[in-house]
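All chains are named by letter (A, B, ...) in the order of the sequence lines, taking the proteins before the strands, and each is independently numbered beginning at 1.
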Number of protein chains: 4
Amino acid sequence: MQFRIDYGSGRPVYQQIIDQVKRDIALGRLEKGEKLPTVRQLAAQIAINPNTIVKAYRQLEREGIIITKAGSGAFVSSIDTNLTISVRKKIIHKELERTIVEAIHMQITKDTLSQWFKDCLEKFRFANRKG
Amino acid sequence: MQFRIDYGSGRPVYQQIIDQVKRDIALGRLEKGEKLPTVRQLAAQIAINPNTIVKAYRQLEREGIIITKAGSGAFVSSIDTNLTISVRKKIIHKELERTIVEAIHMQITKDTLSQWFKDCLEKFRFANRKG
Amino acid sequence: MQFRIDYGSGRPVYQQIIDQVKRDIALGRLEKGEKLPTVRQLAAQIAINPNTIVKAYRQLEREGIIITKAGSGAFVSSIDTNLTISVRKKIIHKELERTIVEAIHMQITKDTLSQWFKDCLEKFRFANRKG
Amino acid sequence: MQFRIDYGSGRPVYQQIIDQVKRDIALGRLEKGEKLPTVRQLAAQIAINPNTIVKAYRQLEREGIIITKAGSGAFVSSIDTNLTISVRKKIIHKELERTIVEAIHMQITKDTLSQWFKDCLEKFRFANRKG
DNA sequence: GTGGTCTAGACCACC
DNA sequence: GTGGTCTAGACCACA
């Protein structure tokens, strides 16, 4: 797995690690059961403090996205969520709206934005049906 | 203009003010040339320190979204951007991808997400064409 | 890095800090990746409030000139700009014109001014070509 | 004389008026002895507070650029300065340097900047010789 | 230890 | 009256 940290983004490093793990799973690059790099490996690879990796992995585990087994490492779990549909809708709507607002202030037209959204969708691997 | 601060969100107060001004403009609730509340008014209204408002207004001005005139107040500017189209595309793509990744981890189907996106789009007021 | 604040100039302190960082980079005294003094160090060194430094560094970061990493400090970024060439031309022309107007009112001849301009140019380190 | 105020520039209104009077003189649009608009006229024309005009005219008079005669108005004086050459050099150098630093951070090449400077010079009317 | 946010309150420039 | 700057000092997130 290849990690790239963008220090200019303002986004915390640990958050960027979480983002990338989630993204790779959504892209199908990381499959269920697959092993993640160890904390030490990853810390060496991207040259950051190991505590930062620990923080990222801990949060990924809290979200149910990975499972860490003492002594053997961290593994991708199956995608699941305990959030109600209304909560999920609220969260996603909020994010979509924020992006749309940004786009409007960048003078992007509705059509262009819709096209970009479609382009992005194509890249990811959705489940066919819930459950 | 009605402001609501969510102290539980973790998002800085000044950032929430920025978000809401941008959102109201994108919704068409705030028109070009319209006057924003004064720093002192707004600080009193939402019971926070005036400096926090100043910070929000300053950043909005730097982004070209409002114009502040010392002695008379802050006003909505016309929407404009200096960013090249490739930069804009990059930023928006990144945001869209992040939302899509979140949605996948919440087991939301492609169709549902597309529908939510359409629903959100309807609420906002896009420019027909740049120029 | 040596900072000098001129309290008689009327120019805000935070702005003078920004000016000096930009100037040192343009002079080649500060290289990409180099670490700036910490907020607290600099505040102590020039005997001003740390928040004033924070303000300066924040704006430098927004302009893409430095990158701040929470927990490790502020670093010189690579020079880059998102502005379109026409916007850049407009800004620089305006500044040049203002200086020329000043010079004329000071009865400086065209030749003298041209010479001064050349002299100034020599001091700075320009990129050879964009890209 | 045509005045245009840019409220988005951050430059104080009274300063912009000063800038424009000086610029028009340097361009040769305003000749020695020519009458400036009255305070009331100008205040009405650009829709601002008359006190702002008064402040601008007062500073122009202090700089010896205009002469106001009670009851008859303000007139362009002859260009003159009481600054020593070394002071003038210092002021202009500082302005030139600031512009060059900006240009470098905008990734403008030395050649382009030199060309822009020449282009600007052509627009103005310099005295042939001091004295 | 680093920078980031917010508060409380002073003083100043601008209109 | 308006916003802009600076100070002093608290608390928090990040690495």
Practice task
Could you check B/Ile25 against A/Val101 for side-chain contact (heavy atoms from CB on, under 4.5 Å), going step by step and ending with a plain yes or no?
Solution key: CA-CA 9 Å; B/Ile25 292 171; A/Val101 168; over 6 Å; no
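- A distance of 8.5 Å separates CD in C/Glu63 from CE in D/Met106, rounded to the nearest 0.5 Å.
- For D/Glu34, the side chain to side chain contact (heavy atoms under 4.5 Å, CB included) partners at least two apart in sequence or on another chain are D/Leu30, D/Glu31, D/Val76.
- Non-hydrogen atoms lying under 4.0 Å from DNA chain F are contributed by A/Pro12, A/Val13, A/Tyr14, all within residues 9-18 of chain A.
- Taken residue by residue, residues 52-61 of chain D places heavy atoms nearer than 4.0 Å to DNA chain E at D/Thr52, D/Lys55.
- Note that CG of B/Leu60 is 13.0 Å distant from NZ of B/Lys55, once rounded to the nearest 0.5 Å.
- For the pair C/Ala70 and B/Asn49, nearest-nucleotide mapping onto DNA chain E gives the more 5' position to C/Ala70.
- For DNA chain F, the span of nucleotides reached by chain A at under 4.0 Å from its heavy atoms goes, 5' to 3', from F/dC14 to F/dA15.
- Distance CD1/D/Ile100 to CZ/C/Arg23: 10.0 Å, rounded to 0.5 Å.
- Within residues 34-46 of chain C, the residues having any heavy atom closer than 4.0 Å to DNA chain E are, in order of number, C/Thr38, C/Val39, C/Arg40.
- Between C/Pro50 and B/Thr68, the residue anchored closer to the 5' end of DNA chain F is B/Thr68, taking for each the nucleotide with the nearest heavy atom.
- Partners of D/Asp19 by salt bridge (Lys or Arg N to Asp or Glu O under 4.0 Å), not counting sequence neighbours, listed by chain and number: C/Arg98, D/Arg11.
- Heavy-atom distances to DNA chain F give each of C/Lys69 and C/Tyr7 a nearest nucleotide, and the one nearer the 5′ end belongs to C/Tyr7.
- With rounding to the nearest 0.5 angstrom, the CD1 atom of C/Ile104 is 11.0 Å from the OG1 atom of C/Thr99.
- For the strand DNA chain F, secondary-structure stems (runs of at least three Watson-Crick or G-U pairs, all distances below 3.5 Å) span E:1-14 with F:1-14.
- Note that the CD1 atom of B/Ile79 and the CD atom of A/Gln107 stand 7.0 Å from one another [nearest 0.5 Å].
- Applying the salt bridge (Lys or Arg N to Asp or Glu O under 4.0 Å) criterion to C/Arg58, with sequence neighbours excluded, gives no partner residue.
- With sequence neighbours excluded, the residues forming a salt bridge (Lys or Arg N to Asp or Glu O under 4.0 Å) with B/Lys94 are A/Asp6, listed by chain and number.
- Atom OG1 of C/Thr81 is separated from atom CG of B/Leu83 by 9.5 Å, given to the nearest 0.5 angstrom.
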Can you list, pair by pair, the side-chain donor-acceptor contacts under 3.5 Å of residues 64-72 of chain D, counting residues two or more places apart and other chains?
residue: D/Thr68; atom: OG1; partner: D/Glu61; partner atom: OE1; Å: 2.9
residue: D/Thr68; atom: OG1; partner: D/Glu61; partner atom: OE2; Å: 3.1
residue: D/Ser72; atom: OG; partner: D/Lys69; partner atom: O; Å: 3.4

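- Partners of B/Glu102 under the salt bridge (Lys or Arg N to Asp or Glu O under 4.0 Å) rule, at least two apart in sequence or in another chain, are A/Lys22.
- By the 6.0 Å contact criterion, NZ on D/Lys35 is enclosed, its count of non-hydrogen atoms from other residues, nucleotides or ligands being greater than 12.
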Counting only pairs under 3.5 Å, give me each side-chain donor-acceptor contact of residues 37-49 of chain D, with atom names and distances, residues two or more places apart or in other chains.
residue: D/Thr38; atom: OG1; partner: D/Gln41; partner atom: N; Å: 3.1
residue: D/Gln41; atom: OE1; partner: D/Thr38; partner atom: N; Å: 3.2
residue: D/Asn49; atom: OD1; partner: D/Asn51; partner atom: N; Å: 2.9

